[in-house]
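Here the structure is laid out as structure tokens; the discussion comes afterwards.
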Amino acid sequence: MKQVFEFIINSRKAFIKLIDDLTIEQLNEVPDGFNNNIIWNFGHIVVSTQTLCYVRTGVLADASSVKFNEFYRKDTRPTYAVTEEEVAELKATALESIRKIEEDYQAGKLGNVNPFATSTFGVPMNNIEEILITTIGHDNLHFGYAQALKKCVVASILAVDEK
């Protein structure tokens, strides 16, 4: 599992690099044809993994104590302009939360999972290892969305600059 945690961290570092290359306006922009933005996709992976790992194992009764969950959980959309401060907190939490999950995993705190099927992939999750492995796919799915959004955001700025 050590490699799984390393891969999640490295993937999140790549996502952070994508974010670092953009302005706050670009992170908040919702291009035509999309219903979310780059920072929403990033925030979504941050809260989703914590929710799955801690709520599905019964460590937390519900996701209300996962910071930012109400804004980035499944079936939400951007409703406000995210600040530089929130972006910085999300970036820190993206890495810190995985390190904490790894620590709790190693300590045996994430043992029993209430089985469920993911809405993204429709795959049954029966244990914490399956949740963590699926996190890789989920994170990278949203990283891919963010890359596509970046192309749209940069293209729209270039189009405005040419006028």
Side-chain angles (χ1 to χ4, degrees), residues 3-57 59-105 110 118-121 131-163:
Q3 290 173 319
V4 169
F5 285 107
E6 286 176 15
F7 195 89
I8 295 168
I9 290 287
N10 289 333
S11 296
R12 290 187 176 202
K13 285 179 179 178
F15 209 143
I16 290 168
K17 183 176 178 342
L18 180 141
I19 290 169
D20 285 344
D21 290 342
L22 300 169
T23 67
I24 194 70
E25 293 79 18
Q26 290 170 319
L27 293 174
N28 278 294
E29 184 177 336
V30 179
D32 290 340
F34 290 87
N35 61 14
N36 57 42
N37 54 32
I38 294 167
I39 198 60
W40 183 90
N41 279 277
F42 185 70
H44 177 69
I45 68 165
V46 173
V47 304
S48 294
T49 303
Q50 293 176 81
T51 299
L52 291 175
C53 289
Y54 290 113
V55 175
R56 291 294 180 171
T57 58
V59 171
L60 296 176
D62 59 47
S64 63
S65 62
V66 175
K67 188 158 187 186
F68 300 117
N69 184 63
E70 67 212 70
F71 306 114
Y72 299 108
R73 71 178 182 264
K74 182 180 169 294
D75 296 327
T76 62
R77 288 178 168 61
T79 57
Y80 64 94
V82 174
T83 64
E84 295 277 359
E85 293 76 22
E86 186 170 322
V87 171
E89 190 169 356
L90 285 169
K91 289 190 308 188
T93 303
L95 301 176
E96 291 165 6
S97 64
I98 297 303
R99 290 184 183 111
K100 176 69 172 139
I101 290 167
E102 181 176 20
E103 178 184 304
D104 289 343
Y105 174 80
L110 306 174
T118 65
S119 59
T120 304
F121 301 112
I131 290 172
L132 292 167
I133 290 166
T134 301
T135 292
I136 294 170
H138 181 257
D139 280 12
N140 286 300
L141 174 76
H142 286 280
F143 179 63
Y145 285 149
Q147 288 176 310
L149 286 161
K150 179 181 177 181
K151 287 182 180 183
C152 293
V153 167
V154 171
S156 71
I157 289 172
L158 292 174
V160 169
D161 288 346
E162 290 175 1
K163 290 184 181 181

Could you tell me the separation between the [atom1] atom of [X] and the [atom2] atom of [Y], rounded to the nearest 0.5 Å?
X: Leu149; Y: Leu22; atom1: CG; atom2: CG; value: 10.0 Å
X: Thr51; Y: Leu60; atom1: OG1; atom2: CG; value: 8.0 Å
X: Leu110; Y: Cys53; atom1: CG; atom2: SG; value: 6.0 Å
X: Thr23; Y: Glu84; atom1: OG1; atom2: CD; value: 8.0 Å
X: Tyr72; Y: Ile39; atom1: OH; atom2: CD1; value: 5.5 Å
X: Leu90; Y: Phe68; atom1: CG; atom2: CZ; value: 5.0 Å

Which pair of heavy atoms, one from [X] and one from [Y], lies closest together, and at what distance?
X: His142; Y: Trp40; answer: CE1-CZ3, 4.0 Å
X: Ala63; Y: Asn69; answer: CB-ND2, 3.4 Å
X: Val82; Y: Asn28; answer: N-OD1, 2.7 Å
X: Lys91; Y: Ile19; answer: CD-CG2, 4.2 Å
X: Glu70; Y: Thr76; answer: O-CG2, 3.7 Å
X: Leu18; Y: Gln147; answer: CD1-CG, 3.5 Å

Handout entry: Phe71 ring center within less than 6.0 Å of Tyr80 ring center
Key = yes
Handout entry: Name of the residue among Asp20, Asn10, Val46, Asn41 meeting side chain to side chain contact (heavy atoms under 4.5 Å, CB included) with Phe15
Key =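 Only one of Asp20, Asn10, Val46, Asn41 forms a side chain to side chain contact (heavy atoms under 4.5 Å, CB included) with Phe15, namely Asn41.
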Practice task
Just do the side-chain contact (heavy atoms from CB on, under 4.5 Å) check on His138 and Leu52 with the steps written out, would you?
Solution key: CA-CA 12 Å; His138 181 257; Leu52 291 175; over 6 Å; no
Is there a side-chain contact between [X] and [Y] (heavy atoms, below 4.5 Å)?
X: Phe5; Y: Ile101; value: yes
X: Leu95; Y: Ile9; value: yes
X: Ser97; Y: Thr49; value: no
X: Ile131; Y: Arg56; value: yes

Practice task
Determine, step by step, whether Ile8 and Ile136 satisfy the side-chain contact (heavy atoms from CB on, under 4.5 Å) criterion, reporting the C-alpha distance in whole Å, the side-chain angles of both residues, the deciding distance to 0.1 Å, and the verdict.
Solution key: CA-CA 6 Å; Ile8 295 168; Ile136 294 170; 3.6 Å; yes
Exercise for the section: Check the surroundings of atom CZ in Phe143: do more than 12 heavy atoms from other residues, nucleotides or ligands lie under 6.0 Å from it? Expected result: yes
Practice task
Please answer whether the main-chain N or O of Ile45 pairs with a side-chain N or O of Arg12 as donor and acceptor at a distance below 3.5 Å.
Solution key: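 Here the side-chain-to-backbone pair exists.
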Exercise for the section: Let me see the working for Asn36 and Tyr145 under side-chain hydrogen bond (donor to acceptor under 3.5 Å, both in side chains), right down to the final yes or no. Expected result: CA-CA 10 Å; Asn36 57 42; Tyr145 285 149; over 6 Å; no
Practice task
Inspect the contact between Arg99 and Glu96 and indicate whether a charged nitrogen and a carboxylate oxygen are less than 4.0 angstrom apart.
Solution key: no
Handout entry: Evaluation steps, side-chain contact (heavy atoms from CB on, under 4.5 Å), between Gln26 and Lys150
Key = CA-CA 8 Å; Gln26 290 170 319; Lys150 179 181 177 181; over 6 Å; no
Handout entry: Intermediate values then yes/no, side-chain contact (heavy atoms from CB on, under 4.5 Å), Tyr54 and Val66
Key = CA-CA 9 Å; Tyr54 290 113; Val66 175; 5.9 Å; no
